[in-house]
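Numbering of residues begins at 1 and proceeds along the displayed sequence.
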Amino acid sequence: MASGISGLSLYLPQYRVQLEDWSRWNDEPWNKIRAVVGRSFRMRGPQHSVYTLAANAVWRLIQDYDIDPTQVGFLALGTESSSDNSAGAVIIKGMINEALVAHGQSELARDCEVPEFKQACLGGVYGLKAALRFLATDGVGRQAIVVSADIAEYAIGSTGEPTQGAGAVAMLVNGDADLLEIDLAESGSDSQYRVADFRKPFARFRQPEREDGQLQDLPVFNGRYSTTCYIDATRHAVAAMLAKRPGQSIDYFTEVDSVFIHRPYHRMPATGWVMSYLFTLAADGPIGQAQLRGYCADAGLDAEPVLAELLADSPFEGQELGDGEGYPWSRKLRGHLLHTEVWDRIISTKLGLGAEEMKDLGNLYTAALPAWLAAGLVHAHHEGIELAGNHWLALGYGSGDAAEAIPMRVAVGWKQAAAKINFEAALRGPIDLTQERYLALHEGRRSDLPPLTPHDEFVIDRVGIENGPDFYDLGIEYYRHVGGA
């Protein structure tokens, strides 16, 4: 019996932006956007917040997997889109209990823990690790739910604009995993403070009033610098994991069956994974370095600056804060490897499961990695690919800066649980936005939007306005469960 993930359910808001349309609106090359970013992204509506997105994913998980609410002793929220600095997952618990009572079911247990985890896009992974630790100690015999939910918004005209998204993924975690078995003793971690990578300081909240009454969570970020941080953190987490394994570290890149990495956009995971491969070759001594020199020779590159770059303790030595890309020589080598069998064998084959399906989700921040795990399982189930016993790697990342490398093994009876994953259902019924309606939604102009008809889900009913002296609820969201039996 091994602890791990036994269920996955998604919730995506209906409003959708097709990136082909977005490319036309902004005179951007669609072929490049499709290859680098993806096909579309979702946007939250005026009746949505990160808490309703999360609650809707949890509600679907409970229904899809027939979960006994009284057995849930741990309900965690991973997010970087919180709008309340006091409460977290308990807000979701309140919504779920309302729906459970309406359906004549027992509420979530009173002794259920309700933590929230924040470390940019890594919060959900930290929540998963905490749930597994709970199940191994005072939560033995119980179940846990971890929900990752986020709203990724970027300024109009910024480089991040096509990489927006919104949604949530809930995971059922228990002591006898039906989908993915996890042994945390085999995992690797990394953290290193990066001052100006990707941040959300409160000073940003000097915003014009919006019709929908919501704050817009636009990040402060430095694109190329952030890419370097991503590469540096994921390579160290992988190295920490590989240090625990017997044998040659470089063999792992051939032995692992599938790899799932935090994906802010389609191209990024390949960059992270190929760089981890190159770092591992460089650290592999004379044999690995000889192979690396061979790649450089084939690419017409001097191997010495490539090796020096890969063996340096930090990519930021001698750089000013927020300077550009830290691996210019390695980038040239990556460009060469893209057209070789090495790329097909180490990168494309390992990252292929569910990758095509993910092109329609956009950037989900904390929910991106569990969504990809769900997509991979659904892909394999539909295509009749046998996964039992396969070794997977889940590589999480959170800007600012931290990463987790968690090996997983696909459970023997994975198919039955994978058949319940609602990936396709979550994508159904999108409302495609025109440029005018996209801008209206981005700017919070509620009146210009096509209406939504919620069904068996949670919405914001109203926001409190009382500021005393007898009662205070200014800014507090009140939620309502709408219909559905």
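Ring orientation note: the planes of Trp392 and Phe260 are tilted relative to one another, at an angle of 30° to 60°. Ring geometry, His481 versus Phe458: the interplanar angle falls from 30° to 60°, so the pair is classed tilted.
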Using the rule given for side-chain contact (heavy atoms from CB on, under 4.5 Å), can you reason through Arg480 versus Val459, listing the C-alpha separation, both sets of side-chain angles and the distance that settles it, and then say yes or no? CA-CA 6 Å; Arg480 179 165 53 95; Val459 298; 4.1 Å; yes
side-chain contact (heavy atoms from CB on, under 4.5 Å) evaluation trace for Arg142 with Asp111: CA-CA 11 Å; Arg142 300 191 71 178; Asp111 64 348; 3.1 Å; yes
Assess whether side-chain hydrogen bond (donor to acceptor under 3.5 Å, both in side chains) is satisfied between Trp414 and Glu386, documenting all intermediate values. CA-CA 9 Å; Trp414 68 277; Glu386 183 50 71; 3.0 Å; yes
Would you sort out whether Glu98 and Tyr479 count as a side-chain hydrogen bond (donor to acceptor under 3.5 Å, both in side chains), showing the intermediate values? CA-CA 10 Å; Glu98 177 188 342; Tyr479 310 101; over 6 Å; no
Could you go through Asp456 and Gln63, starting from their C-alpha distance and side-chain angles, then the distance that decides it, and tell me whether this counts as side-chain hydrogen bond (donor to acceptor under 3.5 Å, both in side chains)? CA-CA 11 Å; Asp456 196 18; Gln63 294 175 304; 3.2 Å; yes
Would you please test Ile5 and Leu172 for side-chain contact (heavy atoms from CB on, under 4.5 Å) and show each step? CA-CA 6 Å; Ile5 300 170; Leu172 172 62; over 6 Å; no
Checking side-chain hydrogen bond (donor to acceptor under 3.5 Å, both in side chains) for the pair Ser86/Asp84: CA distance, chi angles, key distance, verdict? CA-CA 6 Å; Ser86 176; Asp84 192 303; 4.5 Å; no
Between Val274 and Ile346, does the side-chain contact (heavy atoms from CB on, under 4.5 Å) criterion hold? Intermediate values first, please. CA-CA 8 Å; Val274 71; Ile346 301 296; over 6 Å; no
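Here the side chains of Thr271 and Tyr327 are not in contact, with every heavy-atom distance at 4.5 Å or above. At least one side-chain heavy atom of Tyr51 sits under 4.5 Å from a side-chain heavy atom of Leu77. Here the side chains of Val146 and Lys129 are not in contact, with every heavy-atom distance at 4.5 Å or above. For the pair His381/Lys415, a side-chain contact is recorded, criterion being any heavy-atom separation below 4.5 Å from C-beta on. Looking only at side-chain heavy atoms (C-beta outward), Leu128 and Ile182 come within less than 4.5 Å of each other. The shortest side-chain heavy-atom distance between Arg235 and Met275 does not fall under the 4.5 Å cut-off. With a 4.5 Å cut-off on side-chain heavy atoms, Gln435 and Asp21 do not count as touching. Residues Gln164 and His442 meet the side-chain proximity criterion, which asks for heavy atoms closer than 4.5 Å.
Remark: side-chain polar atoms of Gln119 are paired, donor with acceptor, to backbone N or O of Ser399 under 3.5 angstrom. Distance alone, capped at 3.5 Å, places no donor-acceptor pair between the Arg462 side chain and the Tyr478 backbone. In terms of modelled atom types and a separation under 3.5 Å, the side chain of Gln14 and the main chain of Gly429 share a donor-acceptor contact. Between the side chain of Asp473 and the backbone N or O of Ile465 there is at least one donor-acceptor pair closer than 3.5 Å. The backbone N or O of Ser226 lies less than 3.5 Å from no partner atom in the side chain of Arg194, so there is not a single donor-acceptor pair. Judged by distance alone, the side chain of Asn26 and the main-chain N or O of Gly157 form no donor-acceptor pair under 3.5 Å. For Arg39 (side chain) and Glu356 (main-chain N/O), a donor-acceptor pair under 3.5 Å exists by modelled atom type. A donor-acceptor pair under 3.5 Å links the side-chain atoms of Asp150 to the main chain of Ser81, judged by distance alone. For the pair Thr234 (side chain) and Ile231 (backbone), a donor-acceptor distance under 3.5 Å is present. Although no hydrogens or angles enter the test, the distance criterion places a donor-acceptor pair under 3.5 Å between the side chain of Thr366 and the main chain of Gly78.
Close placement of the Tyr230 and Tyr397 rings is indicated, their centers lying within 6.0 Å of each other. Ring to ring, Tyr438 and Trp25 are close: their centroids are under 6.0 angstrom apart.
Rounding to the nearest 0.5 Å gives a distance of 9.5 Å between CG of Asp64 and CD1 of Ile421. Rounded to the nearest 0.5 Å, atoms CG (Leu441) and CE (Met43) are 4.0 Å apart. A distance of 8.5 Å separates CG of Leu369 from OG of Ser148, quoted to the nearest 0.5 Å. With rounding to the nearest 0.5 angstrom, the CG atom of Asp190 is 13.0 Å from the CE atom of Met241. With values rounded to the nearest 0.5 angstrom, Leu61 atom CG is found 7.5 Å from Leu8 atom CG. Remark: Asn363 CG to Arg263 CZ distance equals 10.0 Å, nearest 0.5 Å.
Annotation for Asp197 and Cys229: closest pair OD2-CB, 3.6 Å, computed over non-hydrogen atoms. The nearest pair of heavy atoms linking Pro219 to Tyr154 is CG-CE2, 3.5 Å. Ala371 and Leu364 get closest at one heavy-atom pair: CB-CD1, 4.1 Å. Nearest approach of Val378 to Ala418, heavy atoms of both residues: CG2-O, 4.4 Å. When every heavy atom of Leu10 is checked against every heavy atom of Arg60, the shortest pair comes out as O-CD, 3.6 Å. The two residues Ala155 and Glu161 make their nearest non-hydrogen contact at O-CB, 3.7 Å.
Annotation: Lys118, atom NZ; neighbour count of heavy atoms from other residues, nucleotides and ligands within 6.0 Å does not exceed 12. In this structure, Arg409 places its CZ atom where only 12 or fewer heavy-atom neighbours from other residues, nucleotides or ligands lie under 6.0 Å away.
For the residue pair Tyr15/His48, the side-chain donor-acceptor check at 3.5 Å is not satisfied.
A salt bridge is absent between Asp178 and Lys420; no separation between the charged side-chain nitrogens and carboxylate oxygens falls under 4.0 Å.
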